[in-house]
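Counting convention: from 1, in listed order, for ligands and their atoms alike.
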Amino acid sequence: MSGMQAVWPSGTECIAKYNFHGTADQDLPFSKGDVLTIISVTKDPNWYKAKNKVGREGIIPANYVQKREGVKAGTKLSLMPWFHGKITREQAERLLYPPETGLFLVRESTNYPGDYTLCVSCEGKVEHYRIIYSSSKLSIDEEVYFENLMQLVEHYTSDPDGLCTRLIKPKVMEGTVAAQDEFSRGGWSLNMKDLKLLQIIGKGEFGDVMLGDYHGNKVAVKCIKNDATAQAFLAEASVMTQLRHSNLVQMLGVIVEEKGGLYLVTEYMAKGSLVDYLRSRGRSVLGGECLLKFSLDVCEAMAYLEANNFVHRDLAARNVLVSEDNIAKVSDFGLTKEASSTQDTGKLPVKWTAPEALREKKFSTKSDVWSFGILLWEIYSFGRVPYPRIPLKDVVPRVEKGYKMESPDGCPQIVYEVMKKCWTLDPAHRPAFHQLREQLEHIKASELYL
Ligand code: AMP
């Protein structure tokens, strides 16, 4: 192996590991945690030309920054990689072999259902400590109590507090990766002390969405403190590390706290969700050009996902956000998956989901195209709820028989034709996003939206 470092291509994103003050005029100073984009390599491969978030360009030292990488698709991230679920005492002892003092795992107790057991290797022997769960608190010694297993593990990692040893090294469950390690490795881990949380700006399925300040930039922060939704949240963050497009809401990074706090930091979209934007401005403010622009913005993002084999599964105007400069960007990747995966249809938004996806869980780029048709209808009706006046239970049977919504008032016929094509019952005959983009661009160029 040669010791030469691979050259980073233009557009590579990096996160600063240290502060860099710069000495020469052409240097670009930065602070630890800043995100920088590579422009080109210089004659000296240890220095790159780069630009920062506000567009300033200059020279940076390669060894002060870390290249950002996406979490590999299919990686199962866990906040509790040491949690092995229902395994027996003997299985636990085998997992902690060969002995290594401080190696530990947590399992569900077989003798006391509902309780847990902390298993720790200590001087050649495995100790099993019962963790009692009572009135929503966890405790080993019934002196110190914890809200969750993460807080308990954090406590005994810093202090043995009566155990045979402090917890030193987690025995990671096969097939999982510690979320914190994986985000750090890819350069996505941010530091809580660089982030100021300012005010609540929304409520999401995970918890509050807050306006924040990260190194002087406005950011949106999704906060979660509840174990139950953590897994879906990690899945969303891990998908977002793999995506980059000017019409997708960009993730800046993640904060994973030892005690279980979890924050997803994204760019701030000052004008909020597209559906609220359309409803509050309405026909008198938003002209045909503007509606077509939003349609094209979303279509661009979807063509990018299509080209990269991602299926969004929850495309709707409520999941599109509008930036300060009126650019629409697709967000909410909570259900987004690589095209090959399956999922249960438990709580799908019926009015937006393609019939074959509701019926046979067949999600594909083509089921996203169906949802895009509904989204176009939402845009051109200024944020109305689809299928007005049809009771929810009647929507699917009628759609299955070929019923399609009427054109929204004032919607150009040529745009309505695009919607109807998206609602072709046979997914194989629906257009692809790259074709829809061409059609919308044609409408724009020929000013047919007027
Ligand atoms: P979500 O959990 O993504 O559905 O977000 C809930 C609400 O929080 C949205 O409807 C927006 O009003 C707000 N919100 C979410 N993300 C952002 C963002 N990046 N910028 C501004 N507001 C946001």
Side-chain angles (χ1 to χ4, degrees), residues 35 53 188 190 194-255 261-281 294 297-298 301-302 305 310-337 346-353 368 371 374-375 378-379 382-386:
V35 177
K53 272 270 166 275
W188 292 99
L190 305 181
D194 297 329
L195 180 68
K196 280 201 279 288
L197 294 174
L198 302 173
Q199 72 192 70
I200 297 181
I201 49 171
K203 295 245 182 262
E205 56 164 325
F206 303 126
D208 292 340
V209 181
M210 303 204 49
L211 172 65
D213 180 295
Y214 183 78
H215 284 197
N217 297 309
K218 276 188 178 171
V219 292
V221 187
K222 284 192 184 180
C223 314
I224 168 192
K225 286 193 179 87
N226 170 359
D227 308 2
T229 42
Q231 208 50 49
F233 186 90
L234 288 177
E236 170 162 11
S238 125
V239 164
M240 288 180 89
T241 66
Q242 301 167 55
L243 304 173
R244 169 161 300 277
H245 187 276
S246 53
N247 296 109
L248 293 178
V249 173
Q250 182 61 44
M251 179 167 86
L252 272 97
V254 199
I255 298 169
L262 203 52
Y263 304 85
L264 192 148
V265 184
T266 66
E267 67 178 304
Y268 173 60
M269 301 292 286
K271 292 185 177 160
S273 93
L274 179 59
V275 71
D276 296 338
Y277 187 86
L278 294 163
R279 285 177 190 165
S280 61
R281 272 72 171 184
F294 286 148
D297 282 348
V298 174
M302 296 311 295
L305 292 183
F310 279 96
V311 180
H312 189 286
R313 293 164 192 247
D314 198 9
L315 183 61
R318 64 181 171 277
N319 289 334
V320 173
L321 299 171
V322 182
S323 71
E324 182 62 48
D325 44 0
N326 292 330
I327 299 171
K329 304 192 184 198
V330 174
S331 108
D332 267 288
F333 305 97
L335 295 177
T336 303
K337 301 248 167 72
K347 37 176 195 177
L348 285 169
V350 167
K351 290 182 172 180
W352 281 262
T353 307
D368 279 351
S371 313
I374 306 285
L375 169 58
E378 292 183 273
I379 292 176
F382 298 93
R384 286 188 77 182
V385 177

* **Mode of Leu321 contact toward ligand 1 - side chain, backbone, both, neither (heavy atoms, under 4.0 Å)** =>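 Near ligand 1, Leu321 shows its side chain, while the N, CA, C and O stay back.
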* Which atoms of ligand 1 sit under 4.0 Å from any heavy atom of Lys203? ->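 Those of ligand 1 that fall under 4.0 Å from Lys203 are 6 (C).
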* For ligand 1, which atoms, with element, lie under 4.0 Å from some heavy atom of Tyr268? ->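 Counting from 1, the qualifying ligand atoms are 20 (N), 21 (C).
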Check this for me - ligand 1, [X], N or O atoms closer than 3.5 angstrom, yes or no?
| X | answer |
| --- | --- |
| Lys222 | yes |
| Ala220 | no |
| Thr266 | yes |
| Ser273 | no |
| Asp332 | yes |

* Greater than 12 external heavy atoms within 6.0 Å of Lys196's NZ ->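 Atom NZ in Lys196 is not packed in, count stays at 12 or less.
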* Show your working on salt bridge (charged side-chain N to carboxylate O under 4.0 Å, His left out) between Arg313 and Asp368 and close with a plain yes or no. => CA-CA 6 Å; Arg313 293 164 192 247; Asp368 279 351; over 6 Å; no
* Check: Phe294 ring centroid to Tyr277 ring centroid under 6.0 Å ->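 Ring centres of Tyr277 and Phe294 closer than 6.0 Å.
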* Asked: Would you say Val254 and Leu234 make side-chain contact, with heavy atoms under 4.5 Å?
  ->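 No, too far: nothing below the 4.5 Å cut-off.
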